[in-house]
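So you know, we letter chains A, B, ... as the sequences are listed, proteins then strands, and number each from 1.
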Number of protein chains: 2
Amino acid sequence: MEQNYLDVKAKFIRGFSDKTRLQILECIKNEEKTVSQIVEELQGNQSNISQHLACLKGCGIIVGRQEGKYIYYSLRNEKIREMLELFDEVLNQVQTEIAQCDSHLY
Amino acid sequence: MEQNYLDVKAKFIRGFSDKTRLQILECIKNEEKTVSQIVEELQGNQSNISQHLACLKGCGIIVGRQEGKYIYYSLRNEKIREMLELFDEVLNQVQTEIAQCDSHLY
DNA sequence: TAATCATATTAGTGAATACTGATATGAAAT
DNA sequence: ATTTCATATCAGTATTCACTAATATGATTA
């Protein structure tokens, strides 16, 4: 396993590891949206959202398509959607396991 | 989508988003290992590795099992292994797409 | 019981990252 | 051509995070 590959992989995954970015991804999960739509839906700061979009784009997680003065962002591909779903699945399973484990303490 | 859930989800994913932690996960992917085995294989600092193990454990990604003075760490379950594999799969696909896209510039 | 070994925790530091407000770019409308 | 609108970028600050060295805990061995 190359040292460098793990750096790239870590950076890629870090794209998903922030609340605001997860909100953005949820927001555009099913349909492309413009920056202003996203800003409004998340009640966020334009600059902040824009920077997170740049991050997600840089990680290869989303793509942007310009149409006039608007830029529409969407998930890069189906695999990304699968990832998002697997996150939920795995997290739920883990939380269930932990909950069961906790209950043994009583 | 609850605000709080996204925080938990982000924290969970952040567990995977560091090179050292990815190295640890690779290291114990196929068999449980003790802390000292991991430290040696990664040529790492004991304190540092220990803190990363605590992080991974706190995220619910790995579990530890004590046997005498040793603690054996392993992936929590099969789903986690699946996640690791999906990361590679998706990242490779993204990189391929980006490479193809770049080639259009010439 | 004392010494040793494996692991965890703490404190301190530096680097990376998220956020905000202000400004810049570039496209569309007037 | 000027103004307006959508988005990006920049500069500064605060927070989070990874790392190291030192110390603590807790189990085993002598």
Original post:
Once you round it to whole Å, what is the distance between P of D:dT7 and CD1 of A:Ile24?
Top reply: 13 Å
Original post:
Hey, are B:Ser47 and B:Gln51 close enough side-chain-wise for a donor-acceptor pair under 3.5 Å?
Top reply: yes
Subject >> Parallel, tilted or perpendicular: rings of B:Phe16 and B:Phe12 (30°, 60°) >> reply: perpendicular
**OP:** Please state how far atom CD in B:Gln43 lies from atom C1' in D:dC19, giving the value in whole angstrom units.
**Re:** 17 Å
Original post:
So what does A:Tyr72 touch, heavy atoms closer than 4.0 Å: a base, only the sugar-phosphate, or nothing?
Top reply: nothing
**OP:** For A:Leu53 and D:dA8, give me the distance from atom CG to atom P, rounded to whole Å.
**Re:** 7 Å
Subject >> Interatomic distance where CD1 belongs to A:Ile38 and P belongs to D:dA8 [whole Å] >> reply: 9 Å
Subject >> Options C:dA22, D:dC17, D:dT28, nucleotide nearest the side-chain atoms of A:Ser47 >> reply: C:dA22
**OP:** Name the residue closer to the 5' end of DNA chain C, choosing between B:Ser36 and A:Cys55 according to the nucleotide with the nearest heavy atom.
**Re:** B:Ser36
Subject >> side-chain N/O A:Tyr73 vs D:dA8 OP1/OP2, d < 4.0 Å >> reply: yes
**OP:** Using heavy atoms to find the nearest nucleotide of DNA chain D for A:Ser50 and B:Arg21 separately, return the residue whose nucleotide is more 5′.
**Re:** A:Ser50
**OP:** Would you indicate which nucleotide in D:dA6, C:dT9, C:dC19 comes nearest to any side-chain atom of A:Asn48?
**Re:** C:dC19
Subject >> Shortest non-hydrogen separation from B:Ser17 to A:Arg14 and the atoms involved >> reply: O-NH2, 2.7 Å
Original post:
Do you know which of B:Arg65, B:Lys57, B:Glu32 makes side-chain contact (heavy atoms from CB on, under 4.5 Å) with B:Tyr73?
Top reply: B:Lys57
Subject >> Interatomic distance where CD belongs to A:Gln37 and C1' belongs to D:dC5 [whole Å] >> reply: 15 Å
Subject >> Nearest to side-chain heavy atoms of B:Asp18, which nucleotide of D:dA18, C:dA18, C:dT7 >> reply: D:dA18
**OP:** Starting at atom CD1 of B:Ile49, determine the distance to atom P of C:dT7, rounded to an integer number of angstrom.
**Re:** 12 Å
**OP:** Carefully, step by step, assess B:Lys9 and A:Glu26 under the rule salt bridge (Lys or Arg N to Asp or Glu O under 4.0 Å).
**Re:** CA-CA 12 Å; B:Lys9 189 169 168 184; A:Glu26 282 296 327; 3.7 Å; yes
Original post:
Does B:Lys69 or B:Ala54 map to a spot on DNA chain C nearer the 5' end, using the closest nucleotide for each?
Top reply: B:Lys69
Original post:
How close or far is atom P of C:dA15 from atom NZ of B:Lys19, stated in whole angstroms?
Top reply: 16 Å
**OP:** Record whether the side chain of B:Gln46 comes under 3.5 Å of the base of C:dA8 through a donor-acceptor pair of N or O atoms.
**Re:** yes
Subject >> Interatomic distance where CD belongs to B:Gln51 and P belongs to C:dA11 [whole Å] >> reply: 12 Å
Subject >> Selected nucleotide, minimal atom distance to B:Asn45 side chain, candidates D:dC5, D:dT7, D:dA21 >> reply: D:dA21
Subject >> Closest to the A:His52 side chain, choosing from C:dA18, C:dA8, D:dT28 >> reply: C:dA18
Original post:
What nucleic acid atoms does B:Gln66 come within less than 4.0 Å of, heavy atoms only: base, sugar-phosphate, or nothing?
Top reply: sugar-phosphate
